[in-house]
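The structure appears right after this line, and notes come after that.
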Amino acid sequence: MNRRTPFRWLRRAVPCHVAAERLQEYLDGELDSLSARRVKRHLRMCRRCGLEHEVYAEIKQYLGHRSGTPDPAALDRLRAFGRELVEHGSSDAASG
Amino acid sequence: MLRDAAALVRPPNHGMWNCGRRVPSLMPIVQPLRPTADAARFGELVGPEIEVLLRVARTLTRNGAEAEDLVQDTLLRAYRGMGGFDGRHPRAWVLTILRNTHINRNRRQRPELLRDPDRTMAELTDTGDRDSDVEHLVIDLTFDAVVEDALLRLPEASRRVVELIDVDGLSYAETAEALGIPVGTVMSRINRARQRIRDHLAGAGLAPRSTI
């Protein structure tokens with residue numbers, strides 16, 4: 001039996017200071033999949049860092065919900081403006 | 001206020017003076033937009049980004065009417081520049097145009113805003129004893145109210161980064177494009193800003209003190 005086997009998952013994780021450094025990137029989905037897995041593994045096994053992650057995740061969640069959709073009337077006007085640009089070019093082509 | 005798109009792209013009559021004689025123009029003539037596949041590409045590539053543009057413009061200007069004007073100018077510039085665009089990463093491309101347009105508008109209106117935002121942040125974050133007073137005031141408020149309060153107390157440059165990433169849902173690279181700053185600066189600003197929000201929560205007793 002390989003005595004190192006039970007600790008393999010520990011070696012694949014990252015230490016606290018690395019997890020702390022990369023926590024914001026992890027939250028924002030900016031890490032590559034391997035790094036994200038390593039940070040995630042650390043957050044699961046380290047209560048202190050896991051708690052830190054929860055606090056930041058709650059902050060991010062609140063800010064995400066804060067998002068108000070843009071003024072629908074303004075959006076409609078701008079989309080119409082964009083269509084007008086496209087159509088104007090098309091009609092110019094037809095005549096020219 | 002929205003202007004008529006056809007009027008905006010119509011070439012001016014530079015060759016005709018009031019006297020009625022046709023004279024050679026000394027001004028560069030604005031070429032009429034050509035009909036082309038570029039127009040279709042504009043609709044296909046830029047059209048879907050209008051909502052993101054409006055969100056980002058609102059964050060940059062903090063004013064609905066100004067944001068709408070800014071997006072309109074951006075669309076017009078994007079349309080005119082479509083011929084030179086290779087079609088890759090349209091969101092990054094239009095965000096760059098939006099940012100440049102915003103800078104040009106600000107430069108015309110408020111030249112004093114060209115200060116280094118990081119320096120401004122350092123000055124504004126030095127709140128001293130005020131923080132402890134604030135902590136006492138907000139201790140009874142809810143989590144959301146404390147986060148909101150902390151957000152409003154962030155320096156403008158940091159708040160924009162937080163809003164672009166968390167509220168408008170941009171990536172770090174897109175935020176860097178929108179603000180014309182390096183991705184590393186985006187990362188440091190988001191880290192510092194969230195740390196300040198988190199400290200604010202800890203000060204209000206709504207989060208444990210950071211130990212890492």
Side-chain angles (χ1 to χ4, degrees), chain A residues 15-31 42-43 46-96, chain B residues 2-6 8-10 32-36 38-40 42-44 46-47 50-51 53-55 57-58 64-65 67-68 71-72 75-76 78-79 82 143-144 147-148 150-151 162-163 165-169 171-173 187 190-191 194-195 197-198 201-202 206-208 210-212:
Chain A
C16 285
H17 73 275
V18 174
E21 277 171 14
R22 314 208 77 178
L23 185 54
Q24 306 303 331
E25 290 171 89
Y26 173 75
L27 270 172
D28 294 326
E30 295 278 343
L31 289 179
H42 178 90
L43 297 177
C46 175
R47 189 174 177 279
R48 198 174 52 166
C49 292
L51 198 58
E52 196 73 1
H53 169 250
E54 279 178 28
V55 173
Y56 281 114
E58 276 193 57
I59 293 172
K60 185 172 174 64
Q61 188 182 17
Y62 166 74
L63 292 170
H65 289 157
R66 187 175 176 272
S67 157
T69 49
D71 175 12
L75 200 52
D76 284 348
R77 284 192 295 272
L78 287 167
R79 284 180 173 143
F81 181 76
R83 280 194 300 274
E84 204 179 332
L85 282 175
V86 173
E87 285 160 15
H88 175 78
S90 301
S91 61
D92 196 37
S95 64
Chain B
L2 279 174
R3 286 157 283 176
D4 173 35
L8 282 169
V9 299
R10 195 175 296 133
L33 290 171
R34 288 296 168 208
T36 63
D38 283 347
F42 174 83
E44 180 190 329
V46 179
I50 290 177
E51 182 170 344
L53 285 174
L54 185 56
R55 284 173 185 271
R58 201 179 48 178
E68 195 174 337
V71 174
Q72 192 185 9
L75 291 175
L76 193 59
Y79 185 65
M82 207 65 213
F143 179 94
D144 291 0
V147 174
E148 191 69 33
L151 186 68
V162 170
E163 288 176 343
I165 292 172
D166 288 334
V167 181
D168 300 327
S171 69
Y172 289 178
M187 290 168 69
I190 192 79
N191 282 347
R194 286 189 182 145
Q195 180 69 50
I197 295 173
R198 192 228 180 290
L201 282 167
L206 294 170
S210 179
T211 52
I212 57 175

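All chains are named by letter (A, B, ...) in the order of the sequence lines, taking the proteins before the strands, and each is independently numbered beginning at 1.
With a threshold of 4.5 angstrom between heavy atoms, Glu54(A) does not approach chain B through any atom at all. Of the two parts of Met187(B), only the side chain, counted from C-beta on, holds a non-hydrogen atom closer than 4.5 Å to a non-hydrogen atom of chain A. In this structure, the portion of Leu51(A) lying under 4.5 Å from any heavy atom of chain B is its side chain and not its backbone. For Val162(B), the part sitting under 4.5 Å from any heavy atom of chain A is the side chain, from C-beta outward, and nothing else.
Using modelled atom types, no side-chain atom of Gln24(A) and backbone atom of Ile190(B) make a donor-acceptor pair closer than 3.5 Å.
Residues meeting the ring-ring contact (aromatic ring centres under 6.0 Å, His included) test with Tyr26(A), sequence neighbours left out: His53(A).
In this structure the side chain of Ile165(B) reaches within 4.5 angstrom of the side chain of Arg194(B), judged on heavy atoms.
No salt bridge links Glu52(A) with Arg48(A); every basic N to acidic carboxylate O contact stays at or beyond 4.0 Å.
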